Structure formats: structure tokens, C-alpha cells
Number of protein chains: 2
Amino acid sequence: MAEVTVDSKSGRGADASPRTQERREKILDAAEELFATSGFDGVTLRQIARQAGVDVALTSYYFGPKLQLFDAVLRRRGEILNKARLDALRSAEEEAAPNPPSIEKVIEAFLRPLEIAQESEDRGWRNYCALIAYVNNSPVWGKKMIGKHFDKLVREFTAAMQRCFPDAPARDIFWCYHNLSGALSLTFADTGRIDILSGGACESHDFKSAYDRMIPFMAAGFRQVCIAGKG
Amino acid sequence: MAEVTVDSKSGRGADASPRTQERREKILDAAEELFATSGFDGVTLRQIARQAGVDVALTSYYFGPKLQLFDAVLRRRGEILNKARLDALRSAEEEAAPNPPSIEKVIEAFLRPLEIAQESEDRGWRNYCALIAYVNNSPVWGKKMIGKHFDKLVREFTAAMQRCFPDAPARDIFWCYHNLSGALSLTFADTGRIDILSGGACESHDFKSAYDRMIPFMAAGFRQVCIAGKG
DNA sequence: GATTAGATTCAACGCTTGTTGAAGTGTCAA
DNA sequence: TTGACACTTCAACAAGCGTTGAATCTAATC
């Protein structure tokens, strides 16, 4: 598979008239939603163009090959989100200085910016998160794309987690982060399965309820493994 | 999308000569691996047939349309796995009777049969689990296929978890199960990302290490949320 | 008002897709 | 040996794919 090295402002029409930029965004919105639903290979450029209300050829004209459009979708909100999460982490650390913040605060910095985005009126954030969930669990896309867009941020967070438990082996920190990441990813997916399993007691798009429980849940898990040891 | 109502023994060649049955299995093996890597739409029947060493037309002859082949792949090992997990749960419950087993024992019954399968010499189980991970986080496949093949088993386990915490609201039980399910799913995916993030300290196919930590981690999370309450 | 560059449309390209019907091959029963 | 039947191959189908080059339109500059 080809490398993707372009940035989100690449391709034509990136700094053109408002009308053009609006169409670019419409294409990204449509691609975001459709990719989230059906994955990279389950969507055609013609579907995306139809939903965006533009000609097929325009998708290639703006973004180049399909893979670069996919990359542009991931990057658009990824940059915003990573910045918000990093700011939240910095705030938590400043507040607790010179001590490290509690693991709850670190996890909260990881999750709450998502809640704000997902609960907003803009449906796009939910589509984006669902796409991340899909891609994250794919061997090919997960390794290639998620790493590219998120590794830098994740390293900041795992380093902060290590500072919460300075005596814990790195192995334990990373497996604990892995648990957090997996649970979060399934929440993103918003599959509606918990609604069915729980007979309506839970709703998969009720992100606040999910995160309210996820924070103490994961914090307790971290402490169990990173302080008491895995046995 | 069309309904799939056939069972795994449907289609032609299901109870024919050993040579024919062997070819059926080869097709399922190839489909399993390729679907796990690239998803339903990212794989063509011609790729599957080539990897299985058979003619394309045979895939349709044996299994019918592509979607039914996909279903047959999910069902083949799903039935075996569900039985092993249910047996493990029953054993844990009998051992603890008349009390409910500890939450650790319930989680262990949920996880250990997977470890045995994944650590076996048969690569097929790892492919199958990676496929489940991929499908589980897809809005369309997750709802349709995972529910069909796993809901019955999951209801047994969530009921057992509820018996561990009889005073906890069902909402809390299901959100905790959700966390377990998500973390497990990411482990299945075996993306190799934890290897990179941890600089080699962890290996994503080291399922035993993952489960050894996941059990105490998740048990502590359950207790925090289901006893202490989400605050 | 002419010129020019970018935005947009249209039509087509070569190629691949899932599926199928007809033809061919093997195998066991009568 | 013949017949029947399931298995296997082959070739083809219509439909759709991503992408592109030429033509057309739009709008700002000279």
C-alpha cells in the first residue's frame, strides 16, 4: 500500500474561495460518515460524492487518490482533538505540581475532551470517533494510520501514567493503557449493542455515562496492577 | 443488506468425500485470514480462492453468496468457543456453590478459553479472533453479526456478573462488561501497536501476559464501580 | 472587455468485482 | 458398461470501480 505523506492542507482548493472550501468540507463530512459505517473498502468515491452533492471527479481533484482522502479525514479532527487532550493533561499536571496528578486526573484528561466533542450538536465528531474505533481494531489500518496520527499523543499520556506509578514496570503501564484504549475504542464504535444487551438500561451514545464509569473503573484497574502487582 | 439465516452445514459439499470437505475447510481458512486482515469489503472471492488453491466458482458453489461465506467463517469457531466459555463458567459456579463465584473467576472463565485457543499451534484461532475484533467495532457488522453469534453467551456472563454484585444497578454491570469487552477486543486485534508504543517491552501476541493483567485489572474495576458506586 | 488561472463537469478509460450457466471430470450403483 | 449425480472448471456476464484528460464554466486581473 502506498505511503501517505501529504498534510491536510494539500491538494487543490485548500485555500480557495469560501464556496470551494465549503465543498471540500462537505466531501470530508460525507467521507467521514461513510468510512465510519463501512470502512475504507466498503465505500466508493461515487457514494461519497453523491452524499456530498458534488461530482465524483471533484474528490480526486481536491484530495488526490482515495487513500489521501481517507488520511485527510483522519487528520482534520485528529489535530484538534490531540491538542485538546494535551492541554487537559498539561492542566492536570500543573494543578498537582510538584507532585504527579492522580491517575484519575490523567485518565480524565484523556477522556473528557472526547465527551465534549461527542455530545456537541455536530454529528461529525461522533462519525469521526466511530471511524477511529473501526480503524483502531484493524491490523492494517490500525498499525499504519492510528500510529501515524496518535502515537505522539499516546506517548505523552503513557509517560504521565508512568509518573503516577514510578515503581511499576513499563510492561504493566502499557498493558493497562491497552485496556483503557480498547474500552474507549468500543465506546467510540457506538454500535448500539449495549442497548440491546442491557434491554434499554444503557444507551451506547450516552458517552457521559460511559466515561463517568470508565474513569473510576480504569483507575482502580491501574492501581491493582501497577501497585499490587499482577498476581 | 440481506439476511443470513443459513447454518454452517448449509451449502453443497458439507457432508461429501474427505477431499471435498478438506477443500471446504481450506476456503474457510483462507477467508478467515483474509477477512481478518482487510475486512469484508477489502477481500475478493478471487483472493480467497487463490490462497485456498481452488477455483473461484467453488466458493460460491460451496457457500453461496459472499455474505454467507463470511457467516460460515464466524460460525465455525464461534460454536466451539462459546461452548468452551460456557463450560468454564459452569465449572466456576459449581465450584463456588451455593455462593456465587468471585468476579475474578467469572472473568477468567470468559478469557482463558481464548488464551488456550490463541496460544495453540493452529494459526486459525488467532485469525478468527482478529476477525472478531475487527467486526466487533464496526457499526454495521458489529450489530448484525456479533449479536447473532455471541448474544446468547454474553447474556449468561452478564447474568453471572450481576450475581457477583446483587446490589449493583444493571446499568453499572453492563458498562463494566462493556469495558471488559472492549479491552478484550483490542487484544484480539493483535495490531502490534503495543509493541511499538512500549518499545518492545510488550508483545501484542503475548496473550498470556495480556490476560494475566486483564483479570485483576477488570476485577478491581468492577468492584470500584459496582460496590463503591461510580462516584 | 479580453485574458488567464482555477474550479467544475462530462465522458470515457481499463480493470476488477460477484455470480452463473454450460461444459467437463470423477465416482459409485445398478 | 451404462446411467446418474455431485464435483470442478471455464468463460462470460453486467455492473461498478478509481482515475484522468479534455471541455466548459466562473471570477478576478489587467
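Given the structure is predicted, the values throughout are model-derived calculations rather than measurements. Labels below follow one simple rule: chain letters A, B, ... track the order of the sequence lines, proteins then strands, and each chain is numbered from 1.
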* **Integer-rounded Å distance: C:dG18 C1' and B:Asp41 CG** => 12 Å
* **Any side-chain donor near an acceptor of the partner, A:Asn137 and B:Ser185, under 3.5 Å** => yes
* Structure fact -> Considering only heavy side-chain atoms of A:Ala57, the closest of C:dT20, C:dT9, D:dT19 is C:dT9
* To do: First locate atom CG of A:Leu69, then atom CD1 of A:Ile48, and finally report the distance between them rounded to the nearest 0.5 Å.
  => 5.0 Å
* Structure fact -> Side-chain atoms of B:Val56 come closest, of C:dT19, D:dT8, C:dA7, to C:dT19
* Whichever of B:Thr59 and A:Arg23 has its nearest DNA chain C nucleotide further upstream toward 5' -> A:Arg23
* To do: Would you kindly give the OH-to-C1' distance between B:Tyr61 and C:dA23, to the nearest whole Å?
  => 14 Å
* **Electrostatic pair B:Arg85:B:Glu156 at N-O distance under 4.0 angstrom** => no
* Tell me whether the centres of the aromatic rings in A:Phe70 and A:Trp141 are closer together than 6.0 Å. => yes
* To do: Output the single nucleotide from D:dT8, C:dT8, C:dG18 whose closest atom is nearest the side chain of B:Lys66.
  => C:dG18
* To do: Take the protein atom CZ of A:Arg50 and the nucleotide atom C1' of C:dC10, then report the distance between them rounded to whole Å.
  => 17 Å
* **Quiz item: A:Arg46 side-chain donor-acceptor pair to D:dG16 base, under 3.5 Å** => no
* Separation of C:dT8 C1' from A:Arg24 CZ (nearest whole Å) -> 15 Å
* **Sugar-phosphate, base or nothing in reach of B:Thr44, heavy atoms under 4.0 Å** => sugar-phosphate
* Asked: Rounded to the nearest Å, what distance is computed from the OH atom of residue B:Tyr62 to the C1' atom of nucleotide D:dC7?
  -> 7 Å
* Does B:Val54 or A:Gln47 map to a spot on DNA chain D nearer the 5' end, using the closest nucleotide for each? -> B:Val54
* Would you say A:Gln118's side chain and A:Phe207's backbone share a donor-acceptor pair under 3.5 angstrom? -> no
* In whole angstrom, give the distance that lies between atom CD of B:Gln68 and atom P of C:dT20. => 11 Å
* **Integer-rounded Å distance: D:dC17 P and A:Leu45 CG** => 9 Å
* **Nearest-Å distance for atom pair CG/P, residues B:Asp55 and D:dA11** => 10 Å
